Amino acid sequence: MEDRVQNIISRKNSRIAIGIIPGHYATNHSHVNFYVDMTAIKTSSKMAKEAASELAAEFGSTYVDTVICMEGTEILGAFLAEQLSASGINQGTDINVITPELNAVNQMLFRDNTQKKIWGKRVLLLISSASTGKSINRAIDCLQYYSGELVAIGAIFSAIESVQGIDVKSIFTDSDLPHYDNFSPNECPMCKANKKVDALINSYGYSKL
C-alpha cells in the first residue's frame with residue numbers, strides 16, 4: 001500500500017499535508033476508495049500547530065468553553081485551544097481540552113470528574129475525518145445527554161459540509177480528493193466487482209488484509 005501513497009498539500013498552507021492511498025477500504029459503517037492518512041497532523045507538533053492556526057481562523061467569532069478531541073486529535077486540539085484564546089472573541093479565556101471515553105459499542109461517555117467541563121458549556125467538537133456524519137451525530141447525542149451545547153465542528157478532512165445545521169470546518173475537503181467516494185457495504189461497487197478489501201481502517205490507522 002505504501003508505494004501508492006500520494007501527498008496532498010493544503011491549498012491554504014503549504015506546510016500542511018495529508019497522504020492518500022487509493023484502494024478498497026472498509027470502515028465500521030462504510031466502504032471507501034481512499035485511505036486518508038492524517039498521521040503527520042496528529043503527531044507532528046509543527047504541522048499540528050500550523051493546522052490549528054488554519055482552523056482557529058474559522059472559529060475566531062465563535063465563543064468556545066471546551067474543545068472535545070476525538071480520533072487522536074489531542075495535539076491539534078491543544079494548539080487550537082491555545083490559538084483561540086490568543087485572539088478574537090475567546091481572547092484571554094481558559095479553554096478546556098478533553099477526550100471522551102468510548103465504551104464497547106463506540107458510545108461516548110465522560111466520567112464525573114470531566115462532566116463539569118461539558119455541563120452548560122459551549123463545545124467545539126474536533127474530529128479527524130468526517131465521511132458520513134455518523135460519528136458526529138453520536139457525539140451530538142452524547143453532548144445533549146451531558147447538557148453541553150455544540151457550537152462548532154472542526155475536522156482535518158471532511159466530505160460533508162454540515163451536520164444538523166452546524167457547518168463542518170475542515171482543512172481538507174472532498175474537493176481536494178476529487179475522486180473520493182464512500183458507500184454503504186451492500187452498495188459498494190468495488191465489492192460488486194469482486195475487488196478484495198485492501199485493509200480495515202479506523203481513526204487509528206489501517207490493518208492490511
Side-chain angles (χ1 to χ4, degrees), residues 1-44 46-62 67 69-73 75-77 79-80 83-84 124-140 150-185 187-190 193 195 198-199 201-203 205-206:
M1 283 175 52
E2 291 79 2
D3 60 352
R4 291 180 281 154
V5 66
Q6 305 167 29
N7 288 320
I8 304 295
I9 308 299
S10 168
R11 300 178 188 183
K12 297 179 180 179
N13 187 328
S14 62
R15 293 181 291 273
I16 306 172
I18 57 175
I20 60 169
I21 305 175
H24 183 190
Y25 304 102
T27 74
N28 62 351
H29 51 70
S30 67
H31 285 201
V32 295
N33 61 343
F34 281 103
Y35 168 65
V36 183
D37 185 5
M38 294 165 276
T39 304
I41 296 178
K42 293 181 180 181
T43 59
S44 164
K46 288 184 178 180
M47 193 179 295
K49 192 168 186 176
E50 294 286 347
S53 178
E54 295 301 323
L55 284 176
E58 300 282 358
F59 301 121
S61 60
T62 303
V67 176
C69 301
M70 296 180 64
E71 301 179 346
T73 58
I75 297 174
L76 177 59
F79 280 126
L80 177 58
Q83 296 196 33
L84 286 176
L124 187 159
L125 180 69
L126 184 61
I127 193 167
S128 64
S129 177
S131 296
T132 63
K134 288 185 177 181
S135 296
I136 295 174
N137 278 313
R138 284 199 301 266
I140 292 174
L150 182 64
V151 295
I153 303 170
I156 299 172
F157 166 75
S158 180
I160 55 177
E161 296 183 353
S162 65
V163 177
Q164 296 192 29
I166 301 175
D167 290 342
V168 180
K169 302 295 186 180
S170 62
I171 301 166
F172 297 91
T173 70
D174 55 356
S175 65
D176 297 299
L177 285 66
H179 302 295
Y180 178 88
D181 231 328
N182 67 78
F183 313 93
S184 61
E187 296 178 352
C188 175
M190 294 175 286
K195 183 178 180 181
D198 293 301
I201 61 174
N202 61 19
S203 60
Y206 63 84

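This one's a predicted model, so the numbers in the text were calculated from it and none came from an experiment. Numbers for residues simply follow the sequence, beginning at 1.
By the 4.5 Å heavy-atom criterion applied to side chains, Thr73 and Leu80 are not counted as neighbours. Side-chain contact between His31 and Glu187: absent, with no pair of heavy atoms (C-beta onward) separated by less than 4.5 Å. Taking 4.5 Å as the limit, some side-chain heavy atom of Tyr180 sits within range of a side-chain heavy atom of Asn33. With contacts defined as side-chain heavy-atom distances shorter than 4.5 Å, the pair Pro22/Gln6 qualifies. Side-chain contact between Leu124 and Thr62 is absent, with no heavy-atom pair separated by less than 4.5 Å. Between Ile156 and Lys42, some side-chain heavy-atom pair lies under the 4.5 Å cut-off.
Interatomic distance, CG of Leu76 versus OG of Ser44, reported as 11.0 Å (0.5 Å rounding). Note that CG of Asp176 and OG of Ser170 are 8.0 Å apart. Values are rounded to the nearest 0.5 Å. Atom CD1 of Ile75 and atom CE of Met47 lie 12.0 Å apart (nearest 0.5 Å). How far CG of Leu125 is from OG of Ser135: 9.5 Å, rounded to the nearest 0.5 Å. Rounding to the nearest 0.5 Å places CD1 of Ile153 at 4.5 Å from CD1 of Ile136. Atoms CD1 and CD1, on Ile18 and Ile171 in that order, are 9.0 Å from each other to the nearest 0.5 Å.
At distances below 3.5 Å, at least one donor-acceptor pair connects side-chain atoms of Asp37 with backbone N or O atoms of Thr39. Under the 3.5 Å distance criterion, the side-chain polar atoms of Asp198 are matched with a main-chain donor or acceptor of His24.
When all heavy atoms are compared, the tightest approach of Val168 to Ala155 is CG1-CB, 4.2 Å. Closest approach of Phe79 and Ala52 over heavy atoms only: CB-CB, 3.5 Å. Closest heavy-atom contact between Ile8 and Phe172: O-CE2, 3.6 Å. Looking at every heavy atom in both residues, Thr132 comes nearest to Ile160 through C-CD1, 4.1 Å. Contact detail for Ser129 and Met38: the closest heavy-atom pair is CB-CE, 3.7 Å. In plain terms, the two heavy atoms of Ile9 and Asn13 that are nearest each other are CG2-O, 4.3 Å.
A ring-ring contact (aromatic ring centres under 6.0 Å, His included) with Tyr206 is found for one member of Phe34, Tyr35, Tyr25 and no other, namely Tyr35.
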Side chain to side chain contact (heavy atoms under 4.5 Å, CB included) between Ser158 and Thr173, worked out: CA-CA 5 Å; Ser158 180; Thr173 70; 5.6 Å; no
Derivation and outcome, side chain to side chain contact (heavy atoms under 4.5 Å, CB included), residues Asn137 and Gln164: CA-CA 8 Å; Asn137 278 313; Gln164 296 192 29; 2.7 Å; yes
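Using modelled atom types and a 3.5 Å distance limit, the side chains of Ser30 and Thr27 yield a donor-acceptor pair. Between the side chains of Ser128 and Glu71, at least one donor-acceptor pair of N or O atoms lies under 3.5 Å.
By the neighbour-count criterion of 12 heavy atoms within 6.0 Å, atom CD of Glu161 is sparsely surrounded, having that number or fewer from other residues, nucleotides or ligands.
Salt bridge present: Arg15 and Glu50 bring a charged side-chain N and a carboxylate O closer than 4.0 Å.
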